[in-house]
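Every chain is numbered from 1, with letters handed out A, B, ... down the list of sequences.
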Amino acid sequence: MNVIHLIMTAVMVTLFASTAHASGTPEVDSGTTAWMLTSTALVLLMIPGLAMFYGGLVRTKNVLGTMMHSFSAMAIIGVIWTICGYSMAFGDTIGGVVGWDADKVLLSGIDQTIMEGGIPEYVFAMFQGKFAIITPAIIAGAFAERVKFRGYCVFIALWSLIVYNPLAHIVWGGGFLTGDAIDFAGGTVIHVSAGVAGLVAALYLGARRGYPRVAMHPNSLVMTMIGAGLLWVGWFGFNAGSSVESGLKTGQALAMTQIAAAAGALAWICIEGVLHKKATSLGLVSGILAGLVAITPAAGDVLPVGAISLGILGSLFSYAAITIKNRFGYDDTLDVFGIHGVAGIVGAIVLTFFLRDEPTGGLVQQLVHQVSGVGVAIAASAIGTLLLVWLVDKTVGFKLDERRELAGLDHSLHGEHGYGMLNPN
Amino acid sequence: MNVIHLIMTAVMVTLFASTAHASGTPEVDSGTTAWMLTSTALVLLMIPGLAMFYGGLVRTKNVLGTMMHSFSAMAIIGVIWTICGYSMAFGDTIGGVVGWDADKVLLSGIDQTIMEGGIPEYVFAMFQGKFAIITPAIIAGAFAERVKFRGYCVFIALWSLIVYNPLAHIVWGGGFLTGDAIDFAGGTVIHVSAGVAGLVAALYLGARRGYPRVAMHPNSLVMTMIGAGLLWVGWFGFNAGSSVESGLKTGQALAMTQIAAAAGALAWICIEGVLHKKATSLGLVSGILAGLVAITPAAGDVLPVGAISLGILGSLFSYAAITIKNRFGYDDTLDVFGIHGVAGIVGAIVLTFFLRDEPTGGLVQQLVHQVSGVGVAIAASAIGTLLLVWLVDKTVGFKLDERRELAGLDHSLHGEHGYGMLNPN
Amino acid sequence: MNVIHLIMTAVMVTLFASTAHASGTPEVDSGTTAWMLTSTALVLLMIPGLAMFYGGLVRTKNVLGTMMHSFSAMAIIGVIWTICGYSMAFGDTIGGVVGWDADKVLLSGIDQTIMEGGIPEYVFAMFQGKFAIITPAIIAGAFAERVKFRGYCVFIALWSLIVYNPLAHIVWGGGFLTGDAIDFAGGTVIHVSAGVAGLVAALYLGARRGYPRVAMHPNSLVMTMIGAGLLWVGWFGFNAGSSVESGLKTGQALAMTQIAAAAGALAWICIEGVLHKKATSLGLVSGILAGLVAITPAAGDVLPVGAISLGILGSLFSYAAITIKNRFGYDDTLDVFGIHGVAGIVGAIVLTFFLRDEPTGGLVQQLVHQVSGVGVAIAASAIGTLLLVWLVDKTVGFKLDERRELAGLDHSLHGEHGYGMLNPN
Amino acid sequence: MKLITAIIRPEKLDEVRQALINAEITRITVTRCAGRGQAEHVDIYRGLEVAPALAPKIRLDIACNDDFKQITVDAILGAARSEDGEIGDGKIFVTHLEECIRIRTGEEGGSAI
Amino acid sequence: MKLITAIIRPEKLDEVRQALINAEITRITVTRCAGRGQAEHVDIYRGLEVAPALAPKIRLDIACNDDFKQITVDAILGAARSEDGEIGDGKIFVTHLEECIRIRTGEEGGSAI
Amino acid sequence: MKLITAIIRPEKLDEVRQALINAEITRITVTRCAGRGQAEHVDIYRGLEVAPALAPKIRLDIACNDDFKQITVDAILGAARSEDGEIGDGKIFVTHLEECIRIRTGEEGGSAI
Ligand SMILES: Nc1ncnc2c1ncn2[C@@H]1O[C@H](COP(=O)(O)OP(=O)(O)O)[C@@H](O)[C@H]1O
Ligand SMILES: Nc1ncnc2c1ncn2[C@@H]1O[C@H](COP(=O)(O)OP(=O)(O)O)[C@@H](O)[C@H]1O
Ligand SMILES: Nc1ncnc2c1ncn2[C@@H]1O[C@H](COP(=O)(O)OP(=O)(O)O)[C@@H](O)[C@H]1O
């Protein structure tokens, strides 16, 4: 075995001369690390993307306030995640419900850690941190144009601690669902939970003043479209990065993401074309989103036919959900539930029928897993959100008073105007 | 040979422990894969980039309609490419003109394939798919502000099938020109063919109502500039990704892209400075584009001096072409031919004189290859486009009627307004 | 040793079959190359990001002119860097002050070079070139809204040659400070030097007409926010790319960048919340920037606690500096000194107390190194800038005359309008 | 006929329009503008008088027959005033309208309003 | 002198300007605005009366001497009307203009128009 | 009372406002518009008459009492004129203002200006 040993050493020396580690721990794979670094940057790009997507859809007087919801999530959750979020989501499990690991608090013990796949744990922690950031930012769309900034900040901080971190732990971090339900890149943890949270919060807080009597026009569909473009790009990091490698699975995830987004977009403009004889730009970008959301839980595990189908079904169900919402008349400002919730649920459940490999327990068994995964996300998110919205509303206050809501968030909460150019100054 | 065998196995085990493949097929190179994934994301970024570039240049009433041209290309070609486009471009050749491969239809047979360079074939297919998407999106600029959305959709679908896929096959996919003409990243397949298609379509469809009598101002040069910035960034994926590796050739392509873009931009503002005593922002970004287009076919094969020269020549010829167009008076709305066509032709031909390595057949021989490559692209694109424009115009209709053209695409075709903020609502 | 030799050969053959090089020179590491390519693209993204950030903050009439400052830096420095900049910064040292290397002129001798870390030298040269581009683009904010375009172009060209290239050489390229002061990603070379240059130029050129009597409102905080988002994303390339690897150090740098940006943003809105009872969007994005600038010199060498602290301190000191500036009343239009200068200095000095590893010479010794690094940057930049501003002002002219300043840069220097949509045409 | 021009706070637009509709006045033209009324904020900055910044405002133009003038003015007054009448609430200007022509039909005068 | 204010459809701007130029009226001021005329769309949404949305419009202001009034009005009427006169085609308002001063020269009155 | 409407160059806005403030006129409404005055640029393009492009302008509306009219006009005239009075400097229109109502208080007439 001397020869083998020599060989191994030679390989190590040749390959990893630059890294200082002993050969016992996993070595850095520069390629995988490169892709995970890139993915982290791409998912970060989704935050300005979301800010633009949402920001363009509200009324002119609320554009900055709405963008602030996304940006402040970067600030607040960015810090919380560092302090304890990562530890709660990916620390040693406490009863399968939440994690904790003194070493991961303030990321203090992972400074030199290389993970199994060959990437520094910091990169994984930051990649996951972006998911923690984007989830509350998505929720914000449901109660856009009518909440206090202070209340929002407190809400997302608590929501992250009480809903997101445990949920991420349960599904990904070693909690009681880890490994059963297929949720490749966060269909349930992120989109279903955000969609449901949005719905609950929108119902609790009530509609915007004037809704639906007063027409509320998007201030810039142009910006919304660009935002959707950035979201699509960023989603490559979101889904393909969730493979935590740079190989076949990554390629599969990227391809399915691309295909489902295109199919979703195409489906939506076809629906509109048939029903209204007009394809709208908002429809096209909504279709992109629905397709992307629907493929998220499935990206690594279905074939192109599945991706096309999920994209189409995502758009179909989201379109239907929004139509129905208009009947119910509750005010989910930017259709967070209609798109993220519905397409997320559709994706998480329907993926069962398009899996590349027959699931080990059989289709029915898997379906049960999927449904229960979705169920847990819905339940956790609904209960947690309700509690928190109530709590925030009763303490710092959540819903804006009428005067400031009518005056607009930008002016009354932030003392600014989004488009100074409109003002002949 | 026992030792060697042991060694090989050890190497395999060490390096690719995570991949399940037998050692007979090419193994994934995580680094190359990382860069190709990134390139795919970067080229995707060019679509919103192009939407912004074009969108900012049209009149306010057409901004969404123009952006929809880019975005709907993502949707439509994204799906078509999955279904049969990849197969037509990169399948087994049928007479050197078009490919076909049942295995590539719906990408059904490439699910586990790793290509020679060590990347999953999915990634290559998606990377190439982005090129198929962007080409018709570029064409759209030539007849911006005056075509039906439905007609446009049908047109690009057919154009992709009848012109783009065969052309890609001929030059890259094993067709009759593969290997002769140097076209590193699609100077002829993409830019020349798009430029010519734009010219033909613009001539067939005729000018916008009022052109050139009525002044037609860009609605947002700010957006156009940002779009140009995103295009530059995305072009790194476009050109450097076309090396399908992550190594020396990639670095060369990236460097030349950067240099030519800078040189093109500088050249254009110098020309304007000399001729008009004023450098315009539109000039600067046009120069960026001209430089990028000119270097596209050459990015992997020239030295920095060549990149600077191609950038400058690209701008010079494009500038001249646009000036001449203004004399002729035909209405290529956003100068697709003037920039993509002309700079593409210049780049494809002039690169011969700046090649790193003396071409095997000698300069003259290579020049002939280049010119015939360009010739084929021009011929194929011109004939195919003419046929299709005529066909679409006679069936679903292509040119907008006067009333809806004057009212603007956004309102009359999509029932929306791009800038709601202008409306005091 | 026969066996070892066989092994080495096998390894080489297996791993680098695709590269044609002899085994004597460093071999390409496709993973590291992938990340450095990506980083280059990300840093390039900072230019449109900066153009948006700055562009949104000026008055409507100057939006294009301000964006042109960033974009023309891409054009001008992009070409200069290729011709001689890289040679001056990274060539063989001449007295420790500036470099020169005939081989690097026009990048002519690096066409096939693979550097130690396994990346093509082209990639390194382009990555560094982006830094050379962004530094003058940052300065431009200090005298936004009041300089001639021609003067600006000449100024940045000279500044790059006389200040930036030597400074980069001194600190990174083998000059007299290389290796002493810790400046991971350019805190002193880029941000301190740009900040000081901005201050000097602003003082020399004097205030904008009407300042501070006339209220000068940002034309689009929406655009400024998006720009800040892109800057954050791009900064991942800036900092994590500065590790020139794709491994542990890269991950550390990326994580610290993310954490400091979040902490800076959070700190700033907290300060505003406490002092004004209102968090502004401009405050949030200023905090992002301050945090990013402060972590830049430290990104690879501190722990998360340090990143949080530097982020907070960056915001605190920048906030204070801007408040004080308002007292002094000099006109640093976009607070280049207040943010880049101050946070850069804070970061470069304070990092000493948060280093991962005890510095070899002890804390005090290191502090001296840091302070002298900062001192050199300040001195070099201040003297060089003063000289150049004076020179440019006396020759081509730098400050705009009153009529054209009041009319706005866009109209009077570029003959364009940024927002055509405002004009009912 | 009268042309009633009101400058109001942007945030009051919805309320004012609703009040006008309630008063059966639905025809209206709205323009974005900026203004400065009572110059409460003429800051002194190091001895310099600062031109106070313009605040965003909304301009309403309503053409109406003489008998509708008071109704219109009252509707606006009622809805545009902030809680306890703060500076910046705006102005109403009334001018004489000589002619009014409906483009669609060419009708003139009171019936064309 | 008269001040003619026309509210027209945005898509008609080019045509109207051309018609005015043909009638030798080239001086004009154009403003983006929004409006609602015949309130055809007062939707009822679950029993609530919906304030109809404002549609983008263009406002033209033209100062002219009295004898040019009719020419101007006719030019606008001719060009601004949609094919068969649809709701939303707009209005023309005419008011009396007391003075007109050309800033460049300080000229006043009819010659300053 | 008079309603003074001035169309000026955008770049002159700051100067004009300062001049008005110096003349103690601080109340003002400002609107972005576009216009074409002396049609100096009616280009001929291959025999076609080109509708000259509209240039961005700023519209000021100032309501004032009769005795302030001349002061206001003079202030504008003084500040809005370009160095040697170039085409495009703008116009001042004066119309009669019948009523003026302050929304905040409901005051009417001269004191409400
Ligand atoms: N005399 C005036 N001329 C023109 N516009 C005026 C005048 N007075 C007020 N305005 C407009 O009305 C808006 C609100 O004025 P406001 O501050 O409420 O007036 P006041 O100080 O008389 O109460 C101003 O921003 C301005 O646009
Ligand atoms: N009485 C009015 N006062 C103010 N603006 C009006 C009035 N009537 C019409 N307008 C303006 O003219 C535009 C078009 O009106 P339109 O629907 O054609 O009027 P009508 O219903 O009388 O035919 C409206 O959007 C509005 O801006
Ligand atoms: N008769 C008019 N009616 C409406 N607006 C006018 C008129 N004359 C001038 N204007 C406005 O004033 C602006 C400047 O006009 P200008 O070219 O200075 O006028 P003139 O040619 O009479 O000197 C124009 O762009 C237009 O907006």
- Query: Which one of A:V43, A:I119, A:L42 satisfies the side chain to side chain contact (heavy atoms under 4.5 Å, CB included) criterion with A:F127?
  - Reply: A:V43
- Task: Go through A:C153 and A:V396 one step at a time and tell me if the side chain to side chain contact (heavy atoms under 4.5 Å, CB included) criterion holds.
- Result: CA-CA 10 Å; A:C153 290; A:V396 282; over 6 Å; no
- Between A:A132 and A:W81, the two heavy atoms sitting closest are CB-CE3, 3.5 Å
- Using 30° and 60° as the class limits, which term best fits the ring planes of A:F90 and A:F124: parallel, tilted or perpendicular? perpendicular
- Query: Taking A:L413, A:D111, A:V123, A:I133 one by one, which has the highest count of heavy-atom pairs under 4.5 Å against chain C?
  - Reply: A:D111
- Item | Value rounded to 0.5 Å, distance of OG1 in C:T280 from CE in A:M68 | 6.5 Å
- Message: Using heavy-atom distances under 4.5 Å, tell me whether A:A41 contacts chain C through its side chain, its backbone, both, or neither.
- Response: both
- Note on the structure: Ranked by heavy-atom pairs below 4.5 Å to chain C, first place among A:D410, A:L64, A:L107 goes to A:L64
- Item | For chain A, the option from C:A240, C:G117, C:S220, C:S281 that forms the most heavy-atom pairs under 4.5 Å | C:S281
- Item | Contacts of residues 226-238 of chain A with chain C (heavy atom under 4.5 Å) | none
- Query: Among A:L44, A:T33, A:T32, which has the most heavy-atom pairs under 4.5 Å with chain C?
  - Reply: A:L44
- Message: Heavy-atom pairs under 4.5 Å with chain A - which of C:I269, C:T250, C:T38, C:L284 has more of them than the others?
- Response: C:L284
- Message: For C:F53 and C:L289: C-alpha separation, side-chain torsions, deciding distance, then whether side chain to side chain contact (heavy atoms under 4.5 Å, CB included) applies.
- Response: CA-CA 10 Å; C:F53 187 82; C:L289 243 75; 4.0 Å; yes
- Task: To the nearest 0.5 Å, tell me how far C:Y419 OH sits from C:K61 NZ.
- Result: 14.5 Å
- Considering only heavy atoms, which portion of A:F149 lies under 4.5 Å from any heavy atom of chain C: side chain, backbone, both, or neither? side chain
- Message: Working note: A:M223 + A:V63, criterion side chain to side chain contact (heavy atoms under 4.5 Å, CB included); need CA distance, chi angles, decisive distance, verdict.
- Response: CA-CA 11 Å; A:M223 183 157 84; A:V63 59; 3.9 Å; yes
- Interface moiety of A:M36 toward chain C, non-hydrogen atoms closer than 4.5 Å: neither
- Note on the structure: Greatest number of non-hydrogen atom pairs under 4.5 angstrom with chain C, of A:I110, A:T82, A:L37, falls to A:L37
- Note on the structure: Rounded to the nearest 0.5 Å, the CD1 atom of C:I308 sits from the CE atom of C:M256 at a distance of 9.5 Å
- Working for side chain to side chain contact (heavy atoms under 4.5 Å, CB included), residues A:M46 and A:K130: CA-CA 9 Å; A:M46 293 176 74; A:K130 295 290 180 293; over 6 Å; no
- At a heavy-atom separation under 4.5 Å, does A:T66 approach chain C through its side chain, its backbone, both, or neither? neither
- To the nearest 0.5 angstrom, please state how far the CD atom of C:Q258 sits from the CE atom of A:M126. 6.0 Å
- Query: Which members of residues 70-79 of chain A, sorted by number, sit under 4.5 angstrom from chain C on a heavy-atom basis?
  - Reply: A:F71, A:S72, A:M74, A:A75, A:I76, A:G78, A:V79
- Is it the backbone or the side chain of A:M421 that comes under 4.5 Å from a heavy atom of chain C, or both, or neither? both
- In Å, rounded to the nearest 0.5 Å, how long is the span from OG1 of C:T60 to NE2 of C:H217? 10.5 Å
- Output yes when A:E416 and C:K278 qualify as a salt bridge under the 4.0 Å nitrogen-oxygen rule, no when they do not. no
- Look at the aromatic rings of A:H417 and A:H411 and report parallel, tilted or perpendicular, splitting at 30° and 60°. parallel
- Item | Top contributor to chain C interface from A:G415, A:G31, A:A34, A:A125 [non-hydrogen pairs under 4.5 Å] | A:A34
- Note on the structure: Here the gap from A:K104 atom NZ to A:M88 atom CE, rounded to the nearest 0.5 Å, amounts to 14.0 Å
- Message: Tell me whether the count of non-hydrogen atoms from other residues, nucleotides or ligands lying under 6.0 Å of CZ in A:R150 goes above 12.
- Response: no
- Between C:A265, C:G247, C:G56, which has the largest tally of heavy atom pairs under 4.5 Å with chain A? C:G247
